[in-house]
A.B. asks: 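What follows is a single structure, and I will ask about it in a moment.
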Amino acid sequence: MISVFDLFKIGIGPSSSHTVGPMVAARRFREALPQGARRVTAELFGSLAWTGKGHGSDTAICLGLMGASPDTLDPDEVPVLTARLAIKKFIEVGCARIAFDAERDLIFDFATLLPLHSNGMRFRAFGENGTMLDERVFYSIGGGFVVEEGEAREAPARDVPHPFATAAELLSACARAGLSIAGLQMANECALRPRADVERGLDAILDAMFASIDRGLARDGALPGRLRVKRRAKAIHEKLEADRLTNTRPPHEIMDWVSVFAMAVNEENAAGGRIVTAPTNGAAGIVPAVLRYVRDICPETTNVQLHAFLLTAAAVGALIKRNASISGAEVGCQGEVGSAASMAAAGLAAVLGASPAQIENAAEIAMEHHLGMTCDPIGGLVQIPCIERNAFGANKAIAAASLALRGDGIHHVSLDQVIETMRQTGADMQSKYKETSQGGLAVNVPEC
């Protein structure tokens with residue numbers, strides 16, 4: 001079973017596969033260092049090499065080797081920690097000082113592609129005389145998930161009362177148990193941990209999501225990186241607030257509110273701030289924006305309904321991750337923005353009273369209309385077109401939920417079919433359109 005806490009992870013930006021994953025992998029390598037290690041090296045391959053510096057992979061590796069964890073790291077401490085490492089050129093593991101000079105020991109290999117996934121990393125540990133003591137290969141497979149070479153890509157099966165591997169099985173399980181999708185997901189979550197822990201965890205996710213919106217709406221200036229992209233969420237938000245006092249507000253203004261919520265999160269993500277991987281950092285603004293729409297704009301929304309939103313979204317996200325991918329480096333942005341929009345559409349439909357069949361329809365509509373979306377970040381930065389794509393994804397999610405609620409759940413294309421189509425489309429997509437910045441907007445738009 002893929003848990004809600006697997007899909008929604010509190011961490012830092014700018015990328016779940018290029019920042020969070022490498023940090024987790026480096027920390028895992030650090031924790032297993034053999035006795036007698038005196039020097040370590042790290043090599044990045046494929047997409048991690050091509051867009052790693054723009055996504056902060058180099059910084060993430062350094063932080064992970066120093067023992068940092070993305071869920072507890074304070075983003076404000078990052079410059080201090082990395083500056084300290086640059087001066088000392090060693091990491092401390094217990095009482096041992098182990099040499100690591102990022103300029104020498106962190107290597108970007110642009111020519112080699114490791115076999116399992118485009119986001120490959122290789123760590124090595126050397127002894128006193130330069131003999132290699134250990135070598136470990138990790139892959140960052142999207143959404144902050146990391147697997148080691150030889151390790152199963154999916155976590156071992158966990159016993160739950162209502163297992164499902166496809167949307168068809170999910171709907172059948174709901175019908176047999178007489179449960180909503182959220183109720184079924186909650187029952188499965190409670191098989192893994194006490195209900196009180198599940199509810200506390202859901203509240204922590206909600207708090208982190210809403211806090212990332214608030215921070216993004218309050219900050220301006222240029223985002224990090226050579227593009228010098230200007231933050232826009234704060235200015236747009238101020239204009240929307242000013243328009244509240246006028247009589248000239250257009251009916252479509254609600255779309256601007258949803259867009260600015262999403263942009264605020266992804267500007268925070270691009271700045272390396274604290275966000276929730278949902279299911280990836282590149283698409284982290286979509287679910288929070290639709291949740292904020294539910295909380296602030298839809299009438300009388302309760303905390304129980306917000307929990308139901310997350311649980312329903314997680315059930316859909318689990319289907320996509322299991323049967324296709326949420327990794328931009330593997331299937332393009334359809335796997336990130338498309339997955340997030342599908343999850344958000346399902347969650348919103350649940351809150352608005354949809355049946356399981358209508359929820360499945362909402363998720364299908366949102367995913368279907370992101371098929372073929374490329375991942376082509378300019379300069380390898382999670383800024384253009386990523387920030388605006390989250391705004392569009394959030395609005396598409398609302399449109400999908402609304403359309404599904406107008407129907408009876410009966411439709412020609414199933415969620416299972418569209419997920420399989422997304423998998424096939426990703427497999428057919430050229431690598432230059434899959435988070436490598438070697439095609440699309442990344443090569444057709446000048447960086448200056």
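What you see below is based on every heavy atom in this structure, not just the backbone, and it leaves out hydrogens, waters and symmetry mates.
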A.B. asks: Do V146 and I141 come within less than 4.5 Å of each other through their side chains, counting heavy atoms only?
C.D. replies: no
A.B. asks: Are the side chains of V24 and P70 in contact, using a 4.5 Å heavy-atom criterion?
C.D. replies: yes
A.B. asks: D214 and R292: salt bridge (charged side-chain N to carboxylate O under 4.0 Å, His left out), yes or no, with the steps?
C.D. replies: CA-CA 11 Å; D214 291 337; R292 188 67 163 250; 2.8 Å; yes
A.B. asks: Treating T302 as the side-chain partner and Q305 as the backbone partner, does any N or O pair qualify as donor plus acceptor under 3.5 Å?
C.D. replies: yes
A.B. asks: With side chain to side chain contact (heavy atoms under 4.5 Å, CB included) as the test, would you mind laying out the steps for E267 and I387 before giving the verdict?
C.D. replies: CA-CA 7 Å; E267 287 177 356; I387 294 170; 4.0 Å; yes
A.B. asks: So does Y139 get a backbone contact from the side chain of N119, meaning a donor-acceptor N/O pair under 3.5 Å?
C.D. replies: no
A.B. asks: Between T425 and E420, does the side chain to side chain contact (heavy atoms under 4.5 Å, CB included) criterion hold? Intermediate values first, please.
C.D. replies: CA-CA 9 Å; T425 304; E420 173 58 17; over 6 Å; no
A.B. asks: According to side-chain hydrogen bond (donor to acceptor under 3.5 Å, both in side chains), who are the partners of S69, at least two apart in sequence or on a separate chain?
C.D. replies: D71
A.B. asks: What heavy-atom pair brings L311 and A182 nearest, and what distance separates the two atoms?
C.D. replies: CD1-O, 3.8 Å
A.B. asks: Where do D203 and R200 land on the salt bridge (charged side-chain N to carboxylate O under 4.0 Å, His left out) test, with the steps shown first?
C.D. replies: CA-CA 5 Å; D203 284 336; R200 276 194 295 270; over 6 Å; no
A.B. asks: Give every residue pair that meets the salt bridge (charged side-chain N to carboxylate O under 4.0 Å, His left out) criterion with at least one member in residues 394-416, sequence neighbours excluded.
C.D. replies: none
A.B. asks: What pair of heavy atoms forms the shortest contact from A345 to A401, and how long is it?
C.D. replies: O-CB, 3.6 Å
A.B. asks: Given 3.5 Å as the limit, does a donor-acceptor pair link the side chain of R423 with the main chain of A324, or not?
C.D. replies: no
A.B. asks: For the pair S339 (side chain) and G335 (backbone), establish whether a donor and an acceptor sit closer than 3.5 Å, ignoring hydrogens and angles.
C.D. replies: yes
A.B. asks: State, to 0.1 Å, how close A278 and V287 come at their nearest heavy-atom pair, and which atoms those are.
C.D. replies: O-CG2, 4.1 Å
A.B. asks: Can you give me the closest heavy-atom contact between I275 and V265, atom names plus distance?
C.D. replies: CG2-O, 3.9 Å
A.B. asks: Does the Q383 side chain pair with the main chain of P224, one donor and one acceptor, at a distance under 3.5 Å?
C.D. replies: yes
A.B. asks: Going by heavy atoms in the side chains, are V276 and K9 under 4.5 Å from each other?
C.D. replies: no
A.B. asks: Mind checking what makes side chain to side chain contact (heavy atoms under 4.5 Å, CB included) contact with A60, not counting sequence neighbours?
C.D. replies: T19, P22, M23
A.B. asks: Take L348 and I398 through the side chain to side chain contact (heavy atoms under 4.5 Å, CB included) test and state the conclusion after the steps.
C.D. replies: CA-CA 7 Å; L348 176 58; I398 295 171; 3.8 Å; yes
A.B. asks: So do the side chains of R389 and C386 get within less than 4.5 Å of each other, counting heavy atoms only?
C.D. replies: no
A.B. asks: Who are the side chain to side chain contact (heavy atoms under 4.5 Å, CB included) partners of D220, not counting sequence neighbours?
C.D. replies: K234
A.B. asks: Any donor-acceptor pair under 3.5 Å linking the side-chain atoms of T112 with those of D109?
C.D. replies: yes
A.B. asks: I would like to know whether I320 and S342 meet side chain to side chain contact (heavy atoms under 4.5 Å, CB included); could you show each step before the answer?
C.D. replies: CA-CA 9 Å; I320 297 171; S342 185; 4.0 Å; yes
A.B. asks: Any side-chain to backbone donor/acceptor pair from T277 onto P279? Under 3.5 Å, distance only.
C.D. replies: no
A.B. asks: Under 3.5 Å, is there a donor on one side chain and an acceptor on the other for N281 and H18?
C.D. replies: no
A.B. asks: Any luck finding a side-chain donor-acceptor pair between S140 and H117 under 3.5 Å?
C.D. replies: no
A.B. asks: For residues 181-239, which residue pairs qualify under ring-ring contact (aromatic ring centres under 6.0 Å, His included), counting only residues two or more places apart or in two chains?
C.D. replies: H237-W257
A.B. asks: I2: what forms a side chain to side chain contact (heavy atoms under 4.5 Å, CB included) with it, not counting sequence neighbours?
C.D. replies: D6, L7, E154, A318, K321, R322
A.B. asks: Please check: side-chain N/O of E77 versus main-chain N/O of D74, any donor-acceptor pairing under 3.5 Å?
C.D. replies: no
A.B. asks: With a sphere of 6.0 Å drawn around CZ of F108, does it hold more than 12 non-hydrogen atoms of other residues, nucleotides or ligands?
C.D. replies: yes
A.B. asks: If we ignore hydrogens and angles and just use 3.5 Å, is the side chain of Q358 paired with the main-chain N or O of G407 as donor and acceptor?
C.D. replies: yes
A.B. asks: Restricting to pairs with a member in residues 182-194, which pass salt bridge (charged side-chain N to carboxylate O under 4.0 Å, His left out), not counting sequence neighbours?
C.D. replies: E189-R193
A.B. asks: Donor-acceptor pair, distance only, cut-off 3.5 Å: does the side chain of R295 make one with the backbone of N303?
C.D. replies: no
A.B. asks: Is the shortest side-chain N to carboxylate O distance from E388 to R232 below 4.0 Å?
C.D. replies: yes
A.B. asks: Among pairs that include at least one residue of residues 167-177, which meet salt bridge (charged side-chain N to carboxylate O under 4.0 Å, His left out), considering only residues two or more places apart or in two chains?
C.D. replies: none
A.B. asks: Ignoring hydrogens and angles, state whether a donor on the side chain of D376 or S437 is under 3.5 Å from an acceptor on the partner side chain.
C.D. replies: no
A.B. asks: Angle class for the F138/F123 ring planes (parallel below 30°, perpendicular above 60°, tilted otherwise)?
C.D. replies: perpendicular
A.B. asks: With a 4.5 Å heavy-atom cut-off, do S57 and L48 have their side chains touching?
C.D. replies: yes
A.B. asks: Tell me which one of V316, I286, L310, T312 satisfies side-chain contact (heavy atoms from CB on, under 4.5 Å) with M343.
C.D. replies: V316
A.B. asks: May I ask you to say whether E268 pairs ionically with R231, meaning some side-chain N is under 4.0 Å from a carboxylate O?
C.D. replies: yes
A.B. asks: Please check this pair: side chain of E435 against backbone of A329, looking for a donor-acceptor N/O pair closer than 3.5 Å.
C.D. replies: yes
A.B. asks: As an exercise, state the distance from CZ of F45 to CH2 of W50, rounded to the nearest 0.5 Å.
C.D. replies: 12.0 Å
A.B. asks: Can you check whether L441 reaches T374 side chain to side chain, under 4.5 Å on heavy atoms?
C.D. replies: no
A.B. asks: Suppose we screen for side chain to side chain contact (heavy atoms under 4.5 Å, CB included). Which residues come up paired with A222, at least two apart in sequence or across chains?
C.D. replies: R228
A.B. asks: Tell me the salt bridge (charged side-chain N to carboxylate O under 4.0 Å, His left out) pairs involving residues 333-362, sequence neighbours left out?
C.D. replies: none
A.B. asks: Can you give me the closest heavy-atom contact between L170 and A315, atom names plus distance?
C.D. replies: CD2-CB, 4.3 Å
A.B. asks: To check you understand the geometry: which heavy-atom pair defines the closest contact between L319 and T166, and what is its length?
C.D. replies: CD2-C, 3.4 Å
A.B. asks: So, do C375 and K434 sit near enough that their side-chain heavy atoms are less than 4.5 Å apart?
C.D. replies: no
A.B. asks: Apply salt bridge (charged side-chain N to carboxylate O under 4.0 Å, His left out) to E148 and list each qualifying residue two or more places apart in sequence or on a separate chain.
C.D. replies: R28, R136
A.B. asks: Quick one: are F164 and N188 in side-chain contact, heavy atoms under 4.5 Å?
C.D. replies: yes
A.B. asks: Could I get the full list of salt bridge (charged side-chain N to carboxylate O under 4.0 Å, His left out) partners for D243, not counting sequence neighbours?
C.D. replies: none
